[in-house]
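Below: the structure, in structure tokens.
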Amino acid sequence: QVQLVESGGGSVQAGGSLRLSCAASGRTFSRYGMGWFRQAPGKEREFVAAIRWSGGRTDYADSVKGRFTISRDNAKNTVYLQMNSLKPEDTAVYHCAATRSEYYSGLLLVGSEYGDWGQGTQVTVFS
């Protein structure tokens, strides 16, 4: 099992930036693909971004493409989500997640591909 703890959320004016961090422990972080998902009140959880265990490929939801960047630092066992040009519709609880198995080669776009989740961090964007 991988333990995940998010941080970096907060309240920011539209157009601003935040960087979320997700610290992992418990297993060899570098062997797991990582993803960020978000859930707004009354809405389904949605995919935001993912990065392969190798770091060689990243994917983004269309709604955040060009504004958000996912990255990882295996030496620090941490995955990041840099969020720029934030919009009120980005308001949600953001969760990081680790894939169900090591060296997972799936698309990393759906929640069922992930086995461990963090508690989440709140991001609020006001206009």
Side-chain angles (χ1 to χ4, degrees):
Q1 187 177 9
V2 179
Q3 289 79 43
L4 303 169
V5 179
E6 302 95 335
S7 61
S11 295
V12 63
Q13 192 168 20
S17 299
L18 284 173
R19 188 175 82 153
L20 305 184
S21 299
C22 173
S25 62
R27 289 192 178 178
T28 306
F29 173 75
S30 61
R31 299 176 182 176
Y32 290 84
M34 300 295 296
W36 286 96
F37 288 74
R38 66 187 182 187
Q39 188 165 19
K43 295 188 176 181
E44 297 288 321
R45 181 179 63 192
E46 64 173 351
F47 168 77
V48 176
I51 186 167
R52 300 300 185 273
W53 64 268
S54 64
R57 174 175 170 173
T58 57
D59 288 288
Y60 298 91
D62 287 343
S63 59
V64 307
K65 203 169 293 184
R67 300 188 297 122
F68 290 12
T69 302
I70 187 171
S71 61
R72 66 189 299 157
D73 185 338
N74 289 339
K76 296 182 178 181
N77 288 352
T78 302
V79 63
Y80 303 97
L81 185 68
Q82 177 67 44
M83 306 186 295
N84 299 329
S85 302
L86 282 161
K87 304 175 181 180
E89 50 263 44
D90 294 319
T91 295
V93 176
Y94 284 71
H95 299 268
C96 68
T99 52
R100 301 178 68 87
S101 60
E102 298 177 345
Y103 307 120
Y104 182 76
S105 60
L107 296 177
L108 301 187
L109 303 180
V110 297
S112 59
E113 297 182 277
Y114 297 84
D116 296 292
W117 295 80
Q119 294 288 333
T121 185
Q122 176 70 47
V123 171
T124 302
V125 184
F126 55 92
S127 55

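When reading the values below, keep in mind they use all heavy atoms of this one structure, side chains included, and skip hydrogens, waters and symmetry mates.
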Under 4.0 Å between a side-chain nitrogen and a carboxylate oxygen: does that hold for E113 and R100? no
Treat each ILVMFWY residue as a node, draw an edge where side-chain heavy atoms are under 4.5 Å apart, and state whether [X] and [Y] are in one component.
X	Y	result
F37	I70	no
Y94	V5	no
L4	M83	yes
F47	Y60	no

Quick check against the 3.5 Å criterion: does [X] have a side-chain atom that pairs as donor or acceptor with the backbone of [Y]?
X	Y	value
E6	Q119	yes
R57	R52	no
Y114	L108	yes
R31	S54	no

Quick one: [atom1] on [X] to [atom2] on [Y], what's the gap to the nearest 0.5 Å?
X	Y	atom1	atom2	answer
R27	E102	CZ	CD	7.0 Å
T99	I51	OG1	CD1	12.0 Å
H95	L20	NE2	CG	11.5 Å

Identified ring pair (Phe, Tyr, Trp, His ring centres under 6.0 Å) partner of W53 from the options Y104, Y103, Y32: Y103
Is E44 atom CD crowded by more than 12 heavy atoms from other residues, nucleotides or ligands, each under 6.0 Å away?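 Atom CD in E44 is not crowded, with 12 or fewer foreign heavy atoms closer than 6.0 Å.
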Can you establish whether the number of heavy atoms outside K43 located under 6.0 Å from its atom NZ is more than 12?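 Result for NZ/K43: open.
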For the student: nearest non-hydrogen atoms of [X] and [Y], plus distance:
X	Y	value
A14	P88	CB-CD, 4.1 Å
C22	M34	SG-CE, 4.3 Å
G111	W117	O-CZ2, 3.6 Å
A24	F29	CB-CD1, 3.4 Å
L81	A49	CD1-CB, 4.1 Å
S17	Q82	CB-NE2, 4.0 Å

Could you walk me through whether D59 and L107 pass side chain to side chain contact (heavy atoms under 4.5 Å, CB included), step by step? CA-CA 9 Å; D59 288 288; L107 296 177; over 6 Å; no
For the residue pair [X] and [Y], establish whether any side-chain heavy-atom pair is separated by less than 4.5 Å.
X	Y	result
R72	Y80	no
R38	D90	yes
Q122	T91	yes

Decide if the gap between the ring center of W36 and the ring center of F68 is smaller than 6.0 angstrom. no
